[in-house]
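To start, the structure under review is shown below, and the notes come after it.
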There are 2 protein chains.
Amino acid sequence: MEVQESMNQKISIKDVAKKAGVCISTVSIALNKSTNKGLISQVTIERIRDIAKRLNYQPNSFAKSLRTGRSGLIGFLVEDISNPFYAKLASALENQADQLGYTLVITNLGKERKNFQRKMKAFNGHLFDAFIIAPIHGIYPQLQALLTTKRPVVFFDQFVPGLNSDFVLTDHFHALKLGTMHLIKKGYSNIALIKIESNNQQFINDYTRYMRVMKSRDKKISVLDIPKHFANDTQKRIIHFFDKHHEIDALIFAPGAFAKTMLSLGRGTTSSFIQNMKIVAYDNFDLLKHLMPTITFISTPIEEICLSIMEKLNAKISANHEVLPNVGTIKVKPLIIEAVNYITLKE
Amino acid sequence: MEVQESMNQKISIKDVAKKAGVCISTVSIALNKSTNKGLISQVTIERIRDIAKRLNYQPNSFAKSLRTGRSGLIGFLVEDISNPFYAKLASALENQADQLGYTLVITNLGKERKNFQRKMKAFNGHLFDAFIIAPIHGIYPQLQALLTTKRPVVFFDQFVPGLNSDFVLTDHFHALKLGTMHLIKKGYSNIALIKIESNNQQFINDYTRYMRVMKSRDKKISVLDIPKHFANDTQKRIIHFFDKHHEIDALIFAPGAFAKTMLSLGRGTTSSFIQNMKIVAYDNFDLLKHLMPTITFISTPIEEICLSIMEKLNAKISANHEVLPNVGTIKVKPLIIEAVNYITLKE
DNA sequence: CTGAAAGCGCTTACAG
DNA sequence: CTGAAAGCGCTTACAG
C-alpha cells in the first residue's frame with residue numbers, strides 16, 4: 001500500500017505528516033537535522049525519516065528555495081562545453097562545489113546570442129545562488145545587468161574591461177615565455193610556435209605581448225597558424241610550412257594545436273622530420289606524457305584555476321551582501337613539466 | 001531614481017504593480033502575453049512591460065514553478081561531459097530544447113556514486129520537467145526510483161535491462177559491419193580493428209557480436225586494444241602491433257582510437273607505414289574529413305540521436321500523465337561517409 | 001516536545 | 001478592463 005501511495009505522483013510534506021500523525025513543521029524539522037536543537041525526540045525523528053523514505057518523499061525544491069531564498073545551485077556558463085578546458089574545469093569545480101554543499105549546473109551558452117537572452121532570463125530568476133562565467137562577446141550588457149543584481153559572480157578565461165567583478169585568468173604570456181626560455185636554455189634556437197587561429201581575446205593579447213618581447217630580445221619565432229576548422233587545404237599548408245622551414249629544431253604548440261598537427265602529419269609526408277624535434281606542448285592532453293621521444297609540456301593549471309574561482313566565489317557567498325566584494329584579477333601561472341619525470345621547473 | 005531602485009536587490013511583481021498603479025495580477029497577465037485574451041488594453045500592457053524593463057524586473061522562477069508546476073528545465077545527466085560524444089549531443093539537444101521552449105541543463109554525474117545520490121535528491125525535487133540520462137553502473141536503483149515518479153525520462157547510450165522506459169541507442173554492430181564490408185568490397189582483406197579498452201557495455205556487446213559474425217564468415221580481424229589511459233608502455237605496444245602485422249592493409253578505428261593512435265605513431269617510427277593503409281574511422285572527429293590520403297569515416301549520427309530523444313521526450317511531456325508512455329528502444333544506425341565527397345552509401 | 005500561522009512570489013480562477 | 005483572494009509546498013519564528 002506504500003507502493004500505491006508512491007504511485008500518486010506527488011508526495012508532499014503533508015502526506016508524510018499525516019502518515020506520521022504529526023504536523024508538517026515537525027516533519028520539516030525532523031528532515032533537516034541542522035535546524036533541530038533537541039526540539040524533537042530522536043525516536044520521532046527516526047520514525048518520520050523512515051516514513052519519508054518509505055513514501056519516497058522528495059521535498060519540492062521550488063517551495064524550499066522560495067522560502068529560504070537559496071537553491072544550492074551554482075551556474076557554470078560557457079559558450080561550448082565540448083571545449084576540453086571547460087569540460088575539465090567543470091569537473092574540478094563540481095567536486096569543490098559538492099564539498100561546499102552546492103551543485104554545479106553546466107549551461108552551454110551556444111553560438112546564438114539571442115538564445116542567451118532567453119537563458120539569462122530563465123536563470124536570472126534567482127535559479128542560481130552564484131555564477132561562474134566565461135564571458136563571450138556580444139553579451140556584455142547582460143553580464144553587466146547580472147552584476148547589478150548583486151549576486152556572486154566570478155568570471156574566468158576572458159577579461160572584459162568595465163565588468164566590475166572578479167576575474168580568474170590564465171597567464172598565457174607566462175606559459176609561452178616559459179616554454180621558449182626552456183628551449184633556449186636547452187640550446188635550441190630555431191623555434192616555431194604553432195597555434196590555432198583563436199578568437200580568445202585573452203590568448204591573443206598574451207600572444208601579442210609574447211611576440212613583442214621575443215622581438216625585443218632578438219629571438220626570431222616562426223609562427224604557423226592553423227585554422228580552427230580544418231579546410232581542404234589546411235593539411236597541405238601545414239606540410240608546406242614544415243617543408244619550407246627545415247631549419248626549425250624546436251616547436252611550441254599552443255592549446256589544441258598539437259593534436260591537429262600530428263593528425264595531419266600522420267597522414268602526410270613530413271612526419272619523420274618532426275620526430276627529431278624538441279617539442280613543448282602547452283596543453284592539457286594527458287596522453288602527451290607518455291610519448292617517445294618525450295615532449296615537454298606546459299599544463300594549464302586547472303586545479304589552481306578551480307581553487308581560485310571557488311575561493312573568490314565562496315568569499316562572496318558567505319559575505320554579507322552589504323559588504324563590498326573585493327574585485328580583482330588573479331592571473332594563474334601555468335607550470336612547465338618535463339615529460340615522464342614530471343619535474344616542475346622554477347621560473 | 002530607477003537606478004536606485006534596481007540596486008535594491010530584489011524587484012518583485014509587487015514593485016512593478018505599485019509603480020504602474022495596477023494590481024499584481026494585471027502585471028502577471030501583461031508580462032505573460034499568452035494568457036491574455038484581450039483582457040487588458042494594449043496600452044496598459046506596453047506601459048507595464050516598459051516599467052518592468054526599467055526596473056530590471058526578473059520574475060522569481062521558484063515562485064513561478066511552484067505555482068505552475070513546471071520549470072522549463074530538462075536535465076541532461078551524463079557521467080563525464082568532457083566526453084566529446086556527450087558534449088556534442090548536448091549542444092544538439094540544446095537547440096532542440098530551445099525550440100520547444102525548454103532549457104537544457106547539463107549535469108556531470110562524475111565518478112563518485114555517492115555524489116550522485118545527493119544530486120538526484122536535489123534534482124528529484126521537481127527541478128527538472130524531464131530527464132535525458134546516460135545510465136551508469138551503480139545507480140540503477142536510483143534510476144528505477146526516478147521512473148516511479150512518472151516524470152518523462154529518456155535514456156540513451158547504454159541499455160539497462162529492467163529499466164522500463166525509452167532508450168535511444170547507437171548501433172555499433174551496424175557501424176563496425178558497415179566499415180568492414182566497405183573495406184572488403186574495396187578489395188582489402190587484412191583488416192585490423194583498433195579500439196579503446198572501453199567500459200561501455202553497449203559497445204562491448206555490439207563488438208562481441210561483430211567479432212562472432214566475422215568469425216562465422218571466415219573473416220579474420222586483428223584487434224589492437226589501446227588502454228583508456230595511456231601508460232608508459234602504451235606507445236611501445238601500439239608500434240609493436242604494427243611492426244608485427246605488416247600484412248595489414250586496412251584499419252578500422254573505433255571511437256577515440258584514431259587520435260590516440262596517430263598521436264603515438266607521429267612520435268614513433270612506424271608512421272610512414274600507416275600512410276599507405278586504407279582507413280575507416282568510426283568517430284566524430286570533424287577534421288578527419290580533410291586529411292590526405294583520405295579517410296573513410298563512419299559518423300555517429302548525433303543529429304538523429306538528438307531528434308529521436310527529443311521526439312520521445314516531447315511525446316511523454318505532452319502526453320497526459322495517465323496515458324501509458326510507449327516504452328521501447330530505438331537503435332540509431334551510423335552512416336558511412338566517404339571522405340571529401342561525403343557520399344552516403346546505402347547498406 | 002509539538003502545533004498553528006505567516007509568508008516566500010508567483011498564477012489563475014473568479015468577482016466586479 | 002481590473003482587483004481581491006486562494007493556494008502551490010515549504011521553513012521559521014512563535015506560542016503553547
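Chain letters run A, B, ... following the sequence lines, proteins first, then strands; residues in each count from 1.
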For this session: Determine the minimum heavy-atom distance between B/K312 and B/F167, stating which atoms define it.
Result: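 Closest heavy-atom pair between B/K312 and B/F167: CE-O, 4.3 Å.
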Exercise. What heavy-atom pair brings A/D129 and A/G69 nearest, and what distance separates the two atoms?
Worked result: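 Of all heavy-atom pairs spanning A/D129 and A/G69, the closest is OD1-O, 4.4 Å.
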Problem set entry | Geometric cation-pi criterion A/R67 and B/F62, 6.0 Å radius, 45° cone |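 No.
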Are any protein N/O atoms closer than 3.5 Å to N/O atoms in nucleotides 5-9 of chain C? If there are, list each pair with its distance.
| residue | atom | partner | partner atom | Å |
| --- | --- | --- | --- | --- |
| C/dG9 | N2 | B/A63 | O | 3.2 |

What integer distance in Å separates [X]:[atom1] from [N]:[atom2]?
X     : N      : atom1 : atom2 : result
A/I29 : D/dA13 : CD1   : C1'   : 10 Å
B/L31 : C/dT11 : CG    : C1'   : 12 Å
B/I48 : D/dT2  : CD1   : P     : 8 Å
A/E46 : C/dC1  : CD    : P     : 14 Å

Exercise. Listed by chain and number, what are the side chain to side chain donor-acceptor pair (under 3.5 Å) partners of B/Q201, not counting sequence neighbours?
Worked result: B/N205
For this session: Please list, chain by chain and in numerical order, all residues satisfying side chain to side chain donor-acceptor pair (under 3.5 Å) with B/S308, sequence neighbours excluded.
Result: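 Partners of B/S308 under the side chain to side chain donor-acceptor pair (under 3.5 Å) test: none.
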So, do [X] and [Y] sit near enough that their side-chain heavy atoms are less than 4.5 Å apart?
X      : Y      : value
B/I81  : A/I106 : yes
B/I132 : B/L89  : no
B/F85  : B/V78  : no

Are any protein N/O atoms closer than 3.5 Å to N/O atoms in nucleotides 14-16 of chain C? If there are, list each pair with its distance.
none

For this session: Verify the contact: side-chain N or O of B/S65 to OP1 or OP2 of C/dC10, cut-off strictly under 4.0 Å; return yes or no.
Result: no
Seminar exercise, completed: Parsed dot-bracket for DNA chain C after applying the Watson-Crick and G-U rules with both distances under 3.5 Å and | for other-strand partners is |||.||||||||.|||
For this session: Determine the interplanar angle of the A/F76 and A/Y86 rings, folded into 0 to 90°, and report it as parallel if under 30°, tilted if 30 to 60°, perpendicular if over 60°.
Result: perpendicular
Exercise. Got a salt bridge between B/D15 and B/K19, using NZ or NE/NH1/NH2 to carboxylate O under 4.0 Å?
Worked result: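 Salt bridge between B/D15 and B/K19, a charged N being under 4.0 Å from a carboxylate O: no.
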Problem set entry | Given DNA chain D, 5'-ward residue of the pair B/T44 and A/V27, judged by closest heavy atom | B/T44
Problem set entry | Results of salt bridge (Lys or Arg N to Asp or Glu O under 4.0 Å) for B/K64 - residues two or more places apart only |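 Partners of B/K64 under the salt bridge (Lys or Arg N to Asp or Glu O under 4.0 Å) test: none.
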